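Model, not experiment: these values are computed from the prediction. To find a chain, count down the sequence lines: A is the first, B the second, and so on, and within it residues start at 1.
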Amino acid sequence: MTDPTKRQPLDLSSYQPAAGGIAARARAAAGPAYLSGLNPEQREAVETLDGPVLVLAGAGTGKTRVLTTRIAHILSTGRARPAEILSVTFTNKAAREMKLRLGQMLGQAVEGMPWLGTFHSIGGRILRYHAELVQLTSNFTVLDTDDQIRLLKQLLAADNIDDKRWPARMLAGLIDGWKNRGLTPSQVPAGEAAMFGNGRGGKLYAQYQERLKILNAADFGDLLLENIRLFREHPDVLRSYQNRFKFILVDEYQDTNVAQYLWLRLLSQTPSSSSLPGSTRQSISSQEDGSPGLAASRRPGDDVETSGNVVASTSAPPKNICCVGDDDQSIYGWRGAEVDNILRFDHDFPGAKVIRLERNYRSTGHILAAASHLIAHNEGRLGKTLRTEDVDGEMVTVTGAWDSEEEARAIGEEIEQLQRQGHALNEIAILVRASFQMREFEDRFVTLGLPYRVIGGPRFYERAEIRDALAYLRVINSPADDLAFERIVNVPKRGLGDATVQMLHDHARKRRIPLFDAARMVIDTDELKPKARGSLRGLIESFERWQVQRDAVAHTELAEIVLDESGYTEMWQKDRSADAAGRLENLKELVRSMEEFENLQGFLEHISLVMDREGGADEDAVSVMTLHSAKGLEFETVFLPGWEEGLFPHQRALDEQGRAGLEEERRLAHVGITRARKRAKLYFATNRRIHGTWNTTIPSRFLDELPAANVEITESKGGSGWGGMSGYGPSRFDNVESFGSSYSTPGWQRAQAQRGRSGGGSNGGRSGGFGESSSSYSSGSTRRAPFTIEGELVAKSTGTESAFSLKDRVFHQKFGYGHVTKIDGNKLTIVFDKAGEKKVVDSFVERA
DNA sequence: AAGATCATGGGTGAC
DNA sequence: CCATGATCTT
């Protein structure tokens with residue numbers, strides 16, 4: 001990722017506030033310096049401080065810049081002090097970047113922005129202040145997914161539920177889903193609660209919550225849900241936060257789930273000192289627009305409203321909340337994100353000002369046009385028209401490969417070529433749909449000796465040795481943390497096996513006390529064999545000693561003492577396996593990383609919430625990552641392999657979510673293309689191995705949805721090319737039926753036509769073999785290029801006239817002949833002679 | 001209590 | 001094909 005501001009007219013980062021302070025500086029100039037680099041829309045988004053604002057910021061339009069400048073503006077106009085601005089992001093990375101950029105604008109003033117952070121870290125912080133009100137203590141532990149699953153497994157075992165038939169993972173997923181939707185155990189719809197474990201799902205959720213309280217723990221969902229509960233049950237607490245936060249800013253609003261939405265809604269209401277229960281029942285986000293799914297999911301919200309805490313639009317002006325997002329980049333529906341939150345913003349926050357940022361400062365014309373045309377195929381969107389003043393640049397390329405191996409080889413060669421031309425590898429990324437695709441590239445790059453880095457692999461904190469070390473520290477910090485205790489009770493080996501642990505569990509359960517306390521009691525009895533008893537006593541005494549030391553020595557020193565005295569370090573020193581040295585290194589790194597924290601508590605807080613893998617070396621290397629983890633990044637050159645039906649769009653997205661799933665996949669494709677500044681290179685393979693077996697695949701429908709005018713079909717540079725079976729010899733593919741059928745999609749046909757027209761295709765004659773499919777497509781006849789975008793390379797979405805008019809006689813490659821009965825932007829409703837009425841994007845039909 | 005073997009299932013993954 | 005987890009074995 002490079003500095004996204006660099007193509008903007010004025011580099012804000014060079015702005016240095018005068019010693020007199022930002023306020024003084026702001027008064028000095030009629031238009032403060034930090035505003036002068038903004039375009040009119042950006043400036044409006046920054047300067048519209050009062051009331052709700054939704055900034056629809058397309059890819060590369062300067063979203064982060066608007067957010068940070070807005071904060072600077074609020075501060076410099078004296079509208080609020082740093083501690084009065086609530087600014088939430090989804091990732092720590094985003095929060096860090098905002099802090100960094102703010103620092104560049106404001107100097108040290110950022111230090112005083114205590115409420116800039118992720119939803120979870122802010123939620124967690126608020127929860128710690130009021131822990132006792134939600135049956136926790138302020139040193140509560142934040143459980144990660146692993147702990148969560150282990151806890152659920154225990155509950156399932158206790159209930160004699162077959163873990164095979166009802167996996168703990170599945171229950172964890174359900175509970176997460178409920179929490180994402182803001183549902184406490186009692187609010188889960190009966191039907192859903194019954195879905196798991198023969199009707200026991202709801203009960204298990206309730207049990208799980210009880211256990212969390214006993215463990216003095218909260219999972220990620222709780223950090224928000226318990227916050228909401230806190231606000232609902234203690235209006236005075238809520239009011240204090242409503243009073244505190246004069247301005248609220250939200251990044252990536254399209255990714256918010258219902259719980260986050262509710263949380264924001266609660267905080268964004270203007271506090272009314274006389275919040276009479278039931279006095280204001282008017283709902284803000286309400287009914288009457290038949291959206292059943294949403295209505296159902298919003299039910300908890302209505303609860304909030306009818307309980308009287310919500311101020312209706314008429315009684316008080318809504319808070320100064322500014323949400324920034326892009327509905328076209330909503331790719332986390334599977335994780336509970338509600339695109340509807342952004343689609344309904346002006347409904348939820350009446351009087352909201354909606355500002356669109358449509359000037360793209362990132363990509364060249366062809367790239368932007370391709371991405372825009374693709375995303376225009378989605379129906380559920382607010383519609384933006386991205387523009388660029390950049391040159392057209394290179395066309396987006398689409399390359400077919402015989403199989404995934406050749407795909408990797410071709411991309412490898414292209415990268416080497418770019419490298420020879422002097423392009424930095426850091427400016428090149430490979431973005432895959434699914435992580436299994438990465439291996440092939442790694443293999444290839446290893447043989448080529450091409451430096452690469454995989455982003456988003458196993459994270460630092462997920463490593464066994466880190467989790468073990470943390471478990472020791474967790475027990476010291478919160479002795480009730482049974483999950484941590486259980487993790488390390490026999491690590492390193494102390495002869496405390498299943499039998500001993502089981503015994504401790506029985507003891508603990510009977511007396512309703514933590515395992516640690518149970519252990520302390522048991523060592524004074526003769527219930528254990530002398531050997532195990534002595535071992536356990538040693539451990540307990542160690543912990544008691546460490547607990548005393550916690551307040552006496554620095555936390556980093558404590559960590560070293562613990563790792564040393566527990567025998568944990570020794571365990572790895574003795575280990576002869578290859579990765580033992582690396583693990584010891586990681587432990588050192590862990591201790592090092594503790595230095596920047598005040599104390600143990602602060603460190604543990606951080607570690608549970610900050611999942612970032614520490615930034616790898618700055619060496620020049622190609623980045624390999626999933627499309628999801630690429631969101632928010634940009635590269636000069638982006639390779640997008642695997643554009644095949646079933647993989648992208650992913651079959652499961654289609655199966656499980658239907659059209660909504662397809663649209664989310666399409667947004668993912670849009671995100672992928674818009675990561676590129678200068679070159680976007682798409683690939684598809686005709687054969688791909690999935691779960692060990694080779695499958696013949698069809699090029700992705702998304703390829704068909706690209707505008708021909710901006711796309712160039714190229715031959716694979718991977719040597720023998722598609723037709724060249726020779727390189728592979730008589731192979732395992734001999735049985736594969738003609739792969740010609742793969743090339744009969746409209747996109748392919750079009751590609752051939754395109755190639756013929758432009759004459760640029762290196763070896764057009766060779767394509768003969770591919771086109772001859774059994775399909776009914778009339779090959780040869782030059783097809784009308786699909787909806788192309790002329791001139792200024794502006795994508796047309798909703799609101800644009802189609803090239804067709806009512807009653808036009810048209811031909812569709814799949815549905816045959818028909819006539820247009822309705823036109824909605826570029827979407828046509830057509831009654832086909834044979835296939836009946838269909839809604840079709842106009843690029844799929846031609847005049848008959 | 002540790003290692004060996006079978007069985008299962010295999011989008012995306014922040015906090 | 002592969003990685004992970006549950007079960008079986010020593």
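- Using cut-offs of 30° and 60° on the angle between ring planes, the pair A:His628 and A:Trp334 is perpendicular.
- A:Tyr241 and A:His130 have perpendicular rings, their planes meeting at more than 60° on a 0 to 90° scale where under 30° would count as parallel.
- In this structure, A:His691 packs face-to-face on the six-membered ring of B:dG10, meeting both the 5.5 Å centre cutoff and the 30° plane limit.
- A tilted orientation is assigned to the rings of A:Trp115 and A:Tyr129, their planes being inclined by 30° to 60°.
- Contact annotation for A:Ala653: base contact, defined as any heavy-atom pair under 4.0 Å involving a base atom.
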Original post:
Base, backbone or nothing for each nucleotide of nucleotides 2-10 of chain C, written B, S, -, heavy atoms under 4.0 angstrom, 5' to 3'?
Top reply: S---S----
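- Comparing C:dG5 with B:dT12, their C1' atoms are spaced 23 Å from each other, to the whole Å.
- Using a 4.0 Å heavy-atom cutoff across all strands shown, A:Gln651 reaches no nucleic acid atom at all.
- Among the protein residues, A:Gly495 comes within range of the sugar-phosphate backbone only, with heavy atoms under 4.0 Å from sugar or phosphate atoms but none that close to a base.
- Residue A:Arg433 is the one, among A:Arg433 and A:Gly221, whose nearest nucleotide of DNA chain B lies closer to the 5' end (criterion: closest heavy atom).
- Of the candidate nucleotides C:dC1, B:dG13, B:dC15, B:dC15 has the atom lying nearest to any side-chain atom of A:Phe220.
- Considering A:Thr141, A:Asn139, A:Asp481 as possible partners of A:Asn216, the one that fulfils the side chain to side chain donor-acceptor pair (under 3.5 Å) test is A:Asn139.
- With hydrogens and angles left out, the side chain of A:Glu665 and the base of B:dG11 share a donor-acceptor pair within 3.5 Å.
- Contacts of A:Ser435 with the nucleic acid, taken as non-hydrogen atoms under 4.0 Å apart, involve only primed sugar atoms and P, OP1 or OP2.
- Put simply, A:Phe119 does not rest on the base of B:dC15: the two rings are not both less than 5.5 Å apart at their centres and under 30° in tilt.
- Side-chain atoms of A:His377 and A:Glu663 form no donor-acceptor pair, as typed in the model, at a separation below 3.5 Å.
- Residue A:His650 places its side chain closer to B:dG11 than to any other of B:dG11, B:dC15, B:dG13.
- A donor-acceptor contact under 3.5 angstrom links the side chains of A:Lys179 and A:Gln209, judged on distance only.
- Closest-nucleotide positions on DNA chain B for A:Leu496 and A:Gln260 were compared, and the one nearer the 5' end corresponds to A:Leu496.
- The residue A:Asp498 sits close only to the backbone: its heavy atoms come under 4.0 Å of sugar-phosphate atoms, none of a base.
- Listed candidates were B:dG13, B:dG11, B:dC15. Nearest to the side chain of A:Arg335 is B:dG13.
- Between the side chains of A:Tyr568 and A:Asp468, at least one donor-acceptor pair of N or O atoms lies under 3.5 Å.
- The A:Thr145 side chain lies nearest to B:dC15 when the options are B:dG11, B:dC15, B:dG13.
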